[in-house]
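Notes for the one structure printed next.
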Amino acid sequence: MTRQAAFEHEPHKGMNQLPHKGVLMNELFRGEQMVCCHDRDTGLRAVIAVDDTRLGPAVGGVRMKAYPSELAAITEAQRLAAGMTLKNAAAGLPFGGGKSVILADDALRTQDRTQVLRAFGRFVGRLGGSYIPGVDMGTTVGDLAVVGTVAPRVACAESDPSPWTALGVHTGIRAAIAHLGGSDLHGVRVAIQGAGHVGAELARLLAVDGAHVIVADVDPARAQLVAARTGGEAVAADRITSAGCDVFAPCAVAKVVDTTTAGSLGCRVLAGAANDQLADRQTAAALADAGVLYVPDFLINAGGVVQIYASMQGWDDDRLRPEVLAIGDRVAAVLDSARHDSVSPLLAAEALASRRLTESQAVPA
Ligand code: NAI
């Protein structure tokens, strides 16, 4: 029976009495605007989520991947967009938070990529500049350049922010180890999930510090290449969480830890580039109970978005570098504040972002 037919059989049930009342607008999406896009010519299906524009236009990457369902894609866009709001606010940037996902199903993969990206760019254009897309998993600088031929403004069309994201994560890991009393990264075992743009560069930086790198990727050749270049070891993708490490650095997919796996990670620090690493808020408490110091993803992985701001400002690398290295100072301050107030680092980092968002609302005297 279709939903319409169900209403007809229960005429007393108006729209307000739908069993899913409030799920979409109140629970699934608490942001400002969410757009579901469909292009008839290419078959493109995409979701653009604008979470918050109080600090400026919503900046956030375009993720292109296969999703098990449309609901999964919508949920991910919303969660990632909300994470971008926190990230941009905590980093002190004049950007709001947004994110988009392109549902890369088998049918879409047969389409001309340029046409798909141009179709996506047209939908971005309809938002009138309130969303500025950048790169994310599954998209490249070249892809954003194509989107930018149609959309009013894009980030990352000229340079890849990933090395700066890796530098920020690297300095954040150093700060976390120092917080636990370590003097440097020499001999520290770091397990990196994902040997892509960020993971590979993070591995290089860690190896320079004398850390022992363990790396995994669903594409084993990528992991082996990174391991060979860094003198580290490659393990199978499903073995990375049990590889035995001091620091686990997720640099691939979202929701890598939940309340049941938090206790079995066996590391001292969870700190990586991947957005939205925790399955839910309870996982932050489970990690603390398990003695794992969690460095909130939106705090430590802001290097890329700082680089986006820098390129808009025309800064050179010498001007940008200290701004990215300041992520290490912010991580140290948040971890100290969490310890002082006996709260999780997640709460302390959210408080930092929230203060900035609230200050932006303050009416000048
Ligand atoms: P990428 O697409 O270059 O690399 C991701 C790598 O992870 C790929 O090699 C892929 O094969 C691998 N992978 C996918 N699923 C995996 C799994 N289950 N286990 C192991 N490996 C898996 O992506 P990129 O740019 O390196 O980003 C990595 C993460 O960092 C993403 O979550 C992204 O949202 C986040 N991030 C990236 C930024 C950037 O500047 N590139 C900025 C901030 C966050």
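None of these values were measured; they are calculated from a predicted model.
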If every non-hydrogen atom of [X] is compared with every non-hydrogen atom of [Y], which pair is closest and at what distance?
X	Y	result
Met84	Val59	CE-O, 3.3 Å
Ile48	Cys37	CD1-SG, 4.0 Å
Gly272	Ile300	O-CG2, 3.4 Å
Gly129	Pro152	N-CG, 4.1 Å
Phe95	Met312	CZ-SD, 3.6 Å
Gln33	Ser130	OE1-OG, 4.3 Å

Margin query: Please tell me whether Val253 and Val235 are part of a single hydrophobic cluster in this structure, the criterion being side-chain heavy atoms less than 4.5 Å apart.
Written below: yes
Notebook entry, point to check: Transitively linked via ILVMFWY side-chain contacts under 4.5 Å: Leu325 with Val334?
Noted result: yes
Under 4.5 Å between any side-chain heavy atoms of [X] and [Y], yes or no?
X	Y	value
Arg122	Arg126	no
Asn301	Asn275	yes
Val141	Glu158	no
Ile102	Leu108	yes
Leu299	Ile327	no
Val305	Pro161	no
Arg79	Lys99	no
Gln78	Ile74	no

Next item on the list: Give a yes or no on whether Gln115 atom CD has more than 12 heavy-atom contacts from other residues, nucleotides or ligands under 6.0 Å away.
Entry: yes
Notebook entry, point to check: Around atom CG of Asp106, are there more than 12 heavy atoms of other residues, nucleotides or ligands at under 6.0 Å?
Noted result: no
Next item on the list: Quick one: do Thr53 and Glu32 satisfy side chain to side chain donor-acceptor pair (under 3.5 Å)? Show the steps, please.
Entry: CA-CA 8 Å; Thr53 56; Glu32 292 177 11; 2.7 Å; yes
Margin query: With a 4.0 Å cut-off on N to O distance, would you call Asp297 and Lys87 a salt bridge?
Written below: no
Note to self: Under the criterion side-chain contact (heavy atoms from CB on, under 4.5 Å), I'd like the reasoning laid out for Trp164 against Val169: C-alpha separation, chi angles, the key distance, then a yes or no.
What the structure shows: CA-CA 9 Å; Trp164 298 101; Val169 174; over 6 Å; no
Notebook entry, point to check: Do Ser100 and Arg63 pass the side chain to side chain donor-acceptor pair (under 3.5 Å) test, and can you show the C-alpha distance, the side-chain angles, and the key distance before you say yes or no?
Noted result: CA-CA 6 Å; Ser100 54; Arg63 181 164 293 195; over 6 Å; no
Checklist line | Worked verdict on Arg281 versus Glu350 for salt bridge (charged side-chain N to carboxylate O under 4.0 Å, His left out) | finding: CA-CA 12 Å; Arg281 299 190 62 76; Glu350 283 175 345; 2.8 Å; yes
